[in-house]
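Both ligands and their constituent atoms are indexed starting at 1 by order of listing. Just so it is clear, the structure is predicted and the values come from calculations on it, not from any experiment.
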Amino acid sequence: MGSKEVSWKLADHPKLPKGKLVAVVVLDGWGDASPGKYNCIHVAETPTMDSLKNTAPDKWRLVRAHGTAVGLPTEDDMGNSEVGHNALGAGRIYAQGAKLVDLALASGKIYDDEGFKYIKESFANNTLHLIGLMSDGGVHSRLDQLQLLLKGASERGAKKIRVHVLTDGRDVLDGTSVTHAETLEKDLSELRGKGIDAQIASGGGRMYVTMDRYENDWQVVKRGWDAQVLGEAPHKFKNAVEAIKKLREAPNANDQYLPPFVIVDDGGKAVGPIVDGDAVVTVNFRADRMTMLAQALEYEKFDKFDRVRFPKIRYAGMLQYDGELKLPNHYLVSPPLIERTSGEYLVNNGIRTFACSETVKFGHVTFFWNGNRSGCFNSEKEEYVEIPSDSGITFNEKPKMKAFEIGEKARDAILSGKFDQVRVNIPNGDMVGHTGDVDATIVACKAADEAVKTILDAVEKVGGIYVVTADHGNAEDMVKRDKKGEPIVGKDGKVQILTSHTLQPVPVAIGGPGLASGVKFRKDVPNGGLANVAATIMNLHGFVAPDDYETTLIEVA
Ligand SMILES: O=C(O)[C@@H](CO)OP(=O)(O)O
Ligand SMILES: [Mn+2]
Ligand SMILES: [Mn+2]
């Protein structure tokens, strides 16, 4: 929507003043769950978050952060950063990528739209390549969608298909890549039975191959490029299931970090490099970990690594990953059109905003927060600061990450008096939680809590207000549970460690010396979710949210 038709002026809140500094803290992967030894937040020393929970009962509550509350297809879908920050920033619930792709596949509309027609041009004489995360986690992609697309494309003329798989183990249990590859192989062999030359061509673990984000480490994308496009990798196999099983045997190997491999024919030649004339679809619907590859596939001018060859292909994303950059140009399904976000409203109403995180979460409080939009709305009123993340390590090695640096940057921004809103994402609970290392996650949670304290102390000094929340659960439950909630013990006699996000609700806490007396959480929004936070923050800045926003969580008694 062009800004011309939008009236950006927000109404004044009848009771709440303007001019108070509001600190917005998003703890990544910080849900609420019952105490226990796999609840790293509970086990860790977290005096700051504990005191928010325990000392002001009408200023602390839980909100929903998964399923339909954040625009996902079902209540079995765990939350994630994209949908969580979209909801927090946009104040409304949008049908998200997972759901939009489901609908487009179910109705068949995906095959009638521009993107599919564009890639279809290659089907008669060239190969269709599908690249993406092989998982049923529903965070970045879903295997059933890939299966449907394979079927749909083959019924519509694709004669030669190559799938480039990325193994997960982050949104699903480690080791499930084997079953997923078997499922995919079965489908591909059925296609071969119908005369279609279809096979897996390459693979690798998502965190080591291809799926980096926010330009933390281009080498990750290069490893994928070499295997997918050039057909070169340190490991060569005849078959993907065998490849995954074999590579998993190495000490400390796991799905997330499997090295790259290519599938070769009897003569040792890679079966699926990408060449001129081919069609390529990146099948992930989620943007952050696909935009780097999308740039490599699409941009004529590119200097992030040596591509060696830049094939002239027809490339489409499952979705368009960046609407502002129009990246990629062609896509199979239109992304949710998230407009009139709270960030844009507030800036247009004079709110000077500072946003900060470290690289691996930087886009969360900027790009996702602003409805999948790169850059600021108004560079005179906004400052976005990225603290470089460590790269080339798994975060259990340095579980404190950059939490203190983020806390200090936020503190300085608050004390500077230059900003009305200071917004951060503190990554530890999530990034370390994903490693499945319980001890490291406990250290991570403590560090995150200390960073919150640094920020709240600064809020105290300037007479400001804080809103502390999270985008979804992760560190509060590190074990896979059965229906009764008991930890599941695997064949090896060990509990199954949960590296993924959870379905748990997340806290929202408000307070600070600037919070007008009588402000408390309403009792009549019992099912409140992350999308209710935007209107709440607008109120704390002294404004009433637009009518179509999800309702505020607060009232003034
Ligand atoms: O790391 C990621 O890509 C996801 C999990 O797949 O986590 P988050 O949604 O917290 O960014
Ligand atoms: Mn997250
Ligand atoms: Mn995560």
Side-chain angles (χ1 to χ4, degrees), residues 25-31 40-41 65-66 70-72 77-89 96-98 132-143 166-174 176-177 205-214 216-217 220 254-257 284-293 321 357-369 372 389 391 394-396 401 424-437 441 444-445 448 469-478 498-507 530:
V25 180
V26 182
L27 290 159
D28 214 293
W30 191 282
C40 294
I41 298 172
H66 78 286
V70 285
L72 293 170
D77 288 305
M78 60 193 154
N80 70 67
S81 290
E82 176 187 50
V83 300
H85 287 79
N86 279 172
L88 285 165
Q96 288 285 352
L133 184 66
M134 182 177 61
S135 163
D136 53 9
V139 173
H140 293 269
S141 69
R142 280 215 329 266
L143 183 58
L166 301 164
T167 53
D168 188 358
R170 188 173 178 92
D171 302 329
V172 291
L173 288 182
D174 183 48
T176 50
S177 60
R206 58 176 280 177
M207 300 302 285
Y208 191 63
V209 177
T210 300
M211 283 175 62
D212 187 45
R213 66 177 165 209
Y214 308 140
N216 196 43
D217 185 359
V220 176
N254 59 40
D255 287 351
Q256 294 191 60
Y257 287 90
N284 289 16
F285 41 73
R286 176 163 151 175
D288 57 347
R289 294 191 186 276
M290 275 293 118
T291 50
M292 292 167 74
L293 172 59
Y321 301 125
S357 190
E358 63 174 276
T359 310
V360 293
K361 295 289 181 186
F362 177 64
H364 289 32
V365 271
T366 55
F367 177 78
F368 286 149
W369 189 276
N372 305 340
S389 286
S391 63
T394 56
F395 286 104
N396 55 338
M401 301 183 67
V424 297
N425 175 299
I426 302 179
N428 310 60
D430 182 68
M431 293 301 288
V432 187
H434 280 306
T435 67
D437 183 332
T441 308
C445 292
T469 187
D471 60 341
H472 53 76
N474 185 336
E476 80 289 354
D477 198 8
M478 297 288 289
L498 192 73
T499 52
S500 72
H501 301 162
T502 69
L503 302 172
Q504 295 301 121
V506 299
L530 290 176

Worksheet item: Judging by distance only, is a nitrogen or oxygen of S81 under 3.5 angstrom from one on ligand 1?
Response: yes
Worksheet entry | ligand 1 contacted by H472 (non-hydrogen, < 4.0 Å) | yes
Discussion item. Once ring-ring contact (aromatic ring centres under 6.0 Å, His included) is applied, do any residues pair with H364, and if so which ones, sequence neighbours excluded?
Written reply: H85, Y214, F368
Worksheet item: Which atom, counting only N, O or S, brings D471 closest to the Mn ion (ligand 2)?
Response: OD2
Discussion item. Would the distance check show the side chain of T441 and the main-chain N or O of D437 forming a donor-acceptor pair, the cut-off being under 3.5 Å?
Written reply: yes
Discussion item. Assess, by modelled atom type and distance only, whether the side chains of N396 and T394 contain a donor and an acceptor separated by less than 3.5 Å.
Written reply: yes
Worksheet item: Which ligand 1 atoms, with their elements, are less than 4.0 angstrom from a heavy-atom of D28?
Response: 10 (O)
Worksheet item: Does the side chain of E476 come under 3.5 Å of the side chain of T502 through a donor N or O and an acceptor N or O?
Response: yes
Worksheet item: Does an N or O from D288, backbone or side chain, lie closer than 3.5 Å to an N or O of ligand 1?
Response: no
Practice prompt. Decide whether an N or O pair under 3.5 Å exists between H364 and ligand 1.
Written response: yes
Fill in: ligand 1 contact on N474 by region, counting heavy-atom pairs under 4.0 Å
neither
Worksheet entry | R289 backbone acceptor or donor facing R213 side chain under 3.5 Å | no
Discussion item. Once you restrict to heavy atoms under 4.0 Å, what part of R206 touches ligand 1? Side chain, backbone, both or neither.
Written reply: side chain
Worksheet item: With a 3.5 Å cut-off and no angle check, do the side chains of R206 and Q256 form a donor-acceptor pair?
Response: no
Discussion item. So is R286 touching ligand 1 or not, going by heavy atoms under 4.0 Å?
Written reply: yes
Fill in: Residue list, side chain to side chain contact (heavy atoms under 4.5 Å, CB included) with V220, at least two apart or on another chain
D212, D217, R223
Discussion item. Heavy-atom distances under 4.0 Å decide this one: backbone, side chain, both or neither, for R289 against ligand 1?
Written reply: side chain
Worksheet item: Could you state the interatomic distance from CG (D168) to CG (D174), rounded to the nearest 0.5 Å?
Response: 9.5 Å
Practice prompt. Please confirm whether the backbone N or O of F395 pairs with a side-chain atom of T435, one donor and one acceptor, at under 3.5 Å?
Written response: no
Discussion item. Using a 4.0 Å heavy-atom cut-off, which part of M431 comes near ligand 1: side chain, backbone, both, or neither?
Written reply: neither
Item to complete: State whether a side-chain donor-acceptor pair under 3.5 Å links S177 with D255.
Response: yes
Worksheet, complete the sentence: The atoms of ligand 1 lying under 4.0 Å from a heavy atom of N80, numbered in the order shown, are 9 (O)
Worksheet item: Residues two or more places apart in sequence or in another chain: which of them pass ring-ring contact (aromatic ring centres under 6.0 Å, His included) with H472?
Response: H501
Worksheet item: In ligand 1, which numbered atoms sit nearer than 4.0 Å to a non-hydrogen atom of R213?
Response: 1 (O), 2 (C), 3 (O), 11 (O)
Discussion item. Below a 4.0 angstrom heavy-atom separation, can you tell me which part of D171, side chain or backbone, both or neither, approaches ligand 1?
Written reply: side chain
Worksheet entry | N372 and N86 side chains, donor-acceptor separation under 3.5 Å | yes
Worksheet, complete the sentence: Under 2.8 Å from the Mn ion (ligand 3), the protein N, O or S atoms found are D430 OD1, D430 OD2, H434 NE2, H501 NE2
Worksheet item: What are the two closest heavy atoms between A287 and Y321, and how far apart are they?
Response: CB-O, 3.3 Å
Practice prompt. Could you list which atoms of ligand 1 come closer than 4.0 Å to a heavy atom of K361?
Written response: 8 (P), 10 (O), 11 (O)
Worksheet item: With a cut-off of 4.0 Å, which atoms of ligand 1 are near a heavy atom of H501?
Response: 4 (C), 5 (C), 7 (O), 8 (P), 9 (O), 10 (O)
